[in-house]
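Bear in mind that the values here come from a model prediction, so they are computed numbers and not experimental data. Throughout, residue positions are numbered sequentially from 1 according to the sequence presented. What you see below is based on every heavy atom in this structure, not just the backbone, and it leaves out hydrogens, waters and symmetry mates.
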Amino acid sequence: MRRKPIELAAVATAAVPGLTPTAVSSAPDDPADFDSALLLDSEGKQWRVRSPRHAEASTRLETEFMVLRAFAPGIRAELPFLMPTVAGTVRQGALSTFVYSHLAGTTRSVEELTAGPEALAKEIGAALAAIHDLPRTLVSNADLPSYTPNEFRQRRLNELDQAATTGKIPPVLLRRWEHALEDVSLWRFNPCVVHGDLHEDNILVDGNRVTAVTGWTDLRIGDPADDMAWLVASNEQGFVDAVLSHYTSGRRDAPDAHLLRRAALSAEFALAQYLVKGLAAGNESMIGEAEEMLASLAEDIAEHGGQPISVEPLPQAVPAVHVEPVPQAAPAVHVEAVPQAAPAGAGAVPSVHVTPIPAEQPATADASGPAKNGEAGQAANAGGETTPHDPPATDDTSTAAITIVDAKSH
């Protein structure tokens with residue numbers, strides 16, 4: 001349940017003894033994680049109250065408290081901006097609310113910042129360079145996360161897999177992000193100290209000067225591109241180039257060539273992270289907002305191509321090939337099946353009828369001439385003897401043609 005500023009003021013009085021607010025107003029913050037308010041006391045001093053909305057956000061505030069304590073006075077003195085100081089804390093159940101001392105300056109929208117003069121771009125570039133040049137021992141001594149380039153890339157791949165299981169990420173974005181994460185040449189950078197949650201609401205500005213940086217809940221060693229994502233998302237290339245120029249000149253180590261490509265990926269992927277966070281919290285408003293932004297991004301990329309992120313070109317999708325079936329060739333010769341012979345007694349006609357050669361008849365002695373061979377043979381058989389002129393009784397080897405009659409013609 002969201003807390004109103006007046007409710008936060010009541011909590012602040014418990015956290016800071018003697019605090020008597022005379023005016024209260026809301027303060028910009030991450031609405032999914034925190035409720036915030038600005039208080040003005042009777043002496044004209046301002047205070048900021050941050051109250052977590054869930055246990056994970058409360059843990060982040062406690063981590064920030066530890067981080068701020070790690071910034072020794074000597075380190076703070078070298079920074080070109082101020083940092084928050086915790087004035088008091090109060091625990092309510094599982095959640096802890098923190099009250100911070102006032103910091104000069106106000107927040108501005110991205111549009112107001114990017115429309116600012118060159119001097120403001122220089123201030124932002126210098127602030128980014130100072131953060132990324134902080135000693136790495138600051139993070140390691142506080143037992144905060146530290147990632148190598150490959151570990152960071154693998155972490156993003158795992159997050160992408162988690163986002164893909166929601167079924168709510170447009171396929172064009174999944175394909176684009178996966179290709180970028182698998183492009184190893186994109187992930188060659190020197191890890192450094194990273195703010196981790198840098199955006200316009202955590203930068204206080206007075207005139208054209210950056211006076212303070214807040215929101216130190218995600219300090220880590222990782223990819224410096226993450227702190228550039230909010231700039232790239234502004235789509236104001238002139239301002240981005242100006243900030244990058246001053247950032248580069250302010251760094252002890254030269255930034256890698258693909259810094260802005262990874263920043264663009266981080267800016268796009270933040271929408272998927274927002275969706276997953278909304279689903280985990282069961283926040284329908286967050287889910288709907290994330291889906292709308294993802295759909296808009298997908299349409300923009302489909303139409304215009306989007307900002308370049310991969311070093312290697314994204315392979316073009318190969319359209320499916322339609323194969324027409326080959327018609328079966330007709331047989332050259334049509335063969336009709338021979339009917340099966342019917343059972344005996346059914347009067348079936350055999351498929352081929354062969355007419356036998358008639359047996360030769362015995363010859364008879366008459367005036368017309370000599371007896372025929374067949375007749376003579378029968379006479380000899382009848383008498384039991386063979387006459388000298390009779391041929392031997394052998395098998396007939398006649399080569400006379402055999403007449404074959406097709407049964408179908410009958």
Side-chain angles (χ1 to χ4, degrees), residues 48 50 59-87 89 98 100-101 103-105 121-156 186-205 209-232 243-263 266:
R48 189 183 190 205
R50 299 186 81 192
T59 301
R60 288 174 60 190
L61 288 182
E62 293 168 2
T63 300
E64 182 187 39
F65 178 55
M66 181 175 60
V67 168
L68 295 176
R69 290 175 58 185
F71 277 84
I75 296 177
R76 289 181 180 241
E78 294 180 359
L79 296 174
F81 52 79
L82 297 176
M83 296 184 61
T85 300
V86 176
T89 180
F98 287 78
Y100 303 84
S101 58
L103 293 171
K122 180 179 180 179
E123 285 279 310
I124 294 175
L128 283 165
I131 293 171
H132 295 169
D133 280 340
L134 283 168
R136 293 165 62 103
T137 54
L138 183 71
V139 173
S140 58
N141 291 344
D143 198 25
L144 296 173
S146 177
Y147 302 100
T148 65
N150 190 56
E151 288 172 342
F152 186 82
R153 184 177 70 91
Q154 188 58 54
R155 182 169 177 255
R156 271 291 152 81
L186 186 67
W187 300 94
R188 298 191 179 111
F189 63 88
N190 291 324
C192 63
V193 176
V194 178
H195 180 280
D197 190 30
L198 196 63
H199 49 76
E200 65 276 14
D201 289 339
N202 285 333
I203 297 176
L204 300 183
V205 178
R209 188 170 63 91
V210 173
T211 57
V213 176
T214 62
W216 298 83
T217 58
D218 295 310
L219 191 73
R220 60 178 178 263
I221 294 175
D223 186 0
D226 279 0
D227 287 345
M228 301 282 192
W230 67 282
L231 280 172
V232 176
V243 171
L244 181 63
S245 174
H246 293 295
Y247 167 80
T248 302
S249 62
R251 283 293 309 271
R252 286 196 296 266
D253 298 329
D256 65 279
H258 305 312
L259 178 68
L260 292 186
R261 288 178 180 267
R262 295 194 310 278
S266 182

Kindly write out the residues that satisfy side chain to side chain donor-acceptor pair (under 3.5 Å) with H246, not counting sequence neighbours, or none if the list is empty. E118
Please check: side-chain N/O of [X] versus main-chain N/O of [Y], any donor-acceptor pairing under 3.5 Å?
X    : Y    : value
D218 : D197 : no
R209 : E123 : no
T63  : T59  : yes
S140 : T137 : yes

Looking at every non-hydrogen atom in both residues, tell me the closest pair between P80 and A127 and how far apart they are. CG-CA, 4.4 Å
Can you give me the closest heavy-atom contact between I75 and P135, atom names plus distance? CD1-CG, 4.5 Å
Under a 4.5 Å cut-off applied to non-hydrogen side-chain atoms, are [X] and [Y] in contact?
X    : Y    : result
R188 : D256 : no
R136 : P191 : yes
T211 : L82  : no
D133 : R251 : yes
L244 : L259 : yes
I203 : W230 : yes
F98  : E62  : yes
V86  : Y100 : yes

Start with the C-alpha distance between S245 and T248, add both sets of side-chain angles, then the distance that settles side chain to side chain contact (heavy atoms under 4.5 Å, CB included), and finish with yes or no. CA-CA 5 Å; S245 174; T248 302; 6.0 Å; no
N-O pairing of R156 and D223 below 4.0 Å: no
Relative to each other, are the rings of F152 and Y147 parallel, tilted or perpendicular (30° and 60° limits)? perpendicular
Taking atom [atom1] of [X] and atom [atom2] of [Y], what is their separation to the nearest 0.5 Å?
X    : Y    : atom1 : atom2 : result
M66  : D143 : CE    : CG    : 7.0 Å
L61  : R50  : CG    : CZ    : 5.5 Å
L103 : F81  : CG    : CZ    : 11.0 Å
I131 : Y247 : CD1   : OH    : 9.5 Å
R262 : R153 : CZ    : CZ    : 12.0 Å

Check step by step if side chain to side chain contact (heavy atoms under 4.5 Å, CB included) holds for T85 and R76. CA-CA 11 Å; T85 300; R76 289 181 180 241; 3.8 Å; yes
Checking side chain to side chain contact (heavy atoms under 4.5 Å, CB included) for the pair I124/V205: CA distance, chi angles, key distance, verdict? CA-CA 10 Å; I124 294 175; V205 178; over 6 Å; no
Quick one, N202 with H195, criterion side chain to side chain contact (heavy atoms under 4.5 Å, CB included). Give me CA distance, side-chain angles, the key distance, then yes/no. CA-CA 10 Å; N202 285 333; H195 180 280; 4.1 Å; yes
Is the number of heavy atoms from other residues, nucleotides or ligands within 6.0 Å of CG (N141) greater than 12? yes
When the side chains of residues 67-74 are checked against the rest of the protein, which donor-acceptor pairs come out under 3.5 Å, sequence neighbours left out?
none

